[in-house]
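This report concerns only the one structure given below.
As a basis for the values below, the full set of heavy atoms in this structure was taken, side chains included, without hydrogen atoms, waters or symmetry mates.
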Amino acid sequence: QVQLVESGGGLVQAGGSLRLSCTASGTIFSINTMGWYRQAPGKQRELVASITSGGIRNYAESVKARFTISRDNAKNVVYLEMSSLKPEDTAVYYCNVRWTLWGSREYWGQGTQVTVSS
């Protein structure tokens, strides 16, 4: 079983910055993708950013040039650096890890609240 624990959420003013962290533990296939999703009330969960174990990044159009995803493969930690935050970034942010090469698995963290005030 895999456990994902997020941290770093909180309340910030518009234009401010936050850094989210997610630490994964358990049995994790080395070739994988880790990512951040978010869900606002009344909306579907959406991909914010993802990064493969090989360093390939993918971002939602709405956060490009503002957010940066990175990871430490040895420590199984993924980060999301958020800058120029907007009120529409307010959501619960969830950490995710998935792989398909050795079976197919997907795991989620409990989520961390990010609130951006105007």
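- Between Arg71 and Asn32, some side-chain heavy-atom pair lies under the 4.5 Å cut-off.
- Residues Trp36 and Val78 are in side-chain contact: their nearest non-hydrogen atoms beyond the backbone lie under 4.5 Å apart.
- Residue pairs meeting the side chain to side chain donor-acceptor pair (under 3.5 Å) criterion with at least one member in residues 106-117, sequence neighbours excluded, are Glu6-Gln110, Asn96-Glu106, Gln113-Thr115.
- Between Thr33 and Ile51 there is no side-chain heavy-atom pair separated by less than 4.5 Å.
- Hydrophobic clustering keeps Leu18 apart from Val77 (ILVMFWY residues linked when any side-chain heavy atoms are closer than 4.5 Å, directly or through intermediates).
- Proximity of Tyr93 to Val48: side-chain heavy atoms (C-beta onward) are separated by under 4.5 Å at one or more points.
- Considering only heavy atoms from C-beta on, Phe67 stays 4.5 Å or farther from Ser83 through its side chain.
- Note on Val114: it clusters hydrophobically with Val63, by side-chain heavy-atom contacts below 4.5 Å among ILVMFWY residues.
- At least one side-chain heavy atom of Val97 sits under 4.5 Å from a side-chain heavy atom of Leu4.
- For residues 78-98, the pairs satisfying salt bridge (charged side-chain N to carboxylate O under 4.0 Å, His left out) are Arg38-Asp89, Arg66-Asp89, with sequence neighbours left out.
- By the criterion of side-chain heavy atoms lying less than 4.5 angstrom apart, applied directly or through intervening Ile, Leu, Val, Met, Phe, Trp or Tyr residues, Met34 is grouped together with Trp102 in one hydrophobic cluster.
- Met82 and Tyr59 fall within a single hydrophobic cluster, where Ile, Leu, Val, Met, Phe, Trp and Tyr are joined by side-chain heavy atoms under 4.5 Å apart, directly or via other members.
- Two residues are said to be in side-chain contact when any heavy atoms from C-beta on lie closer than 4.5 Å; Leu20 and Tyr79 fail this criterion.
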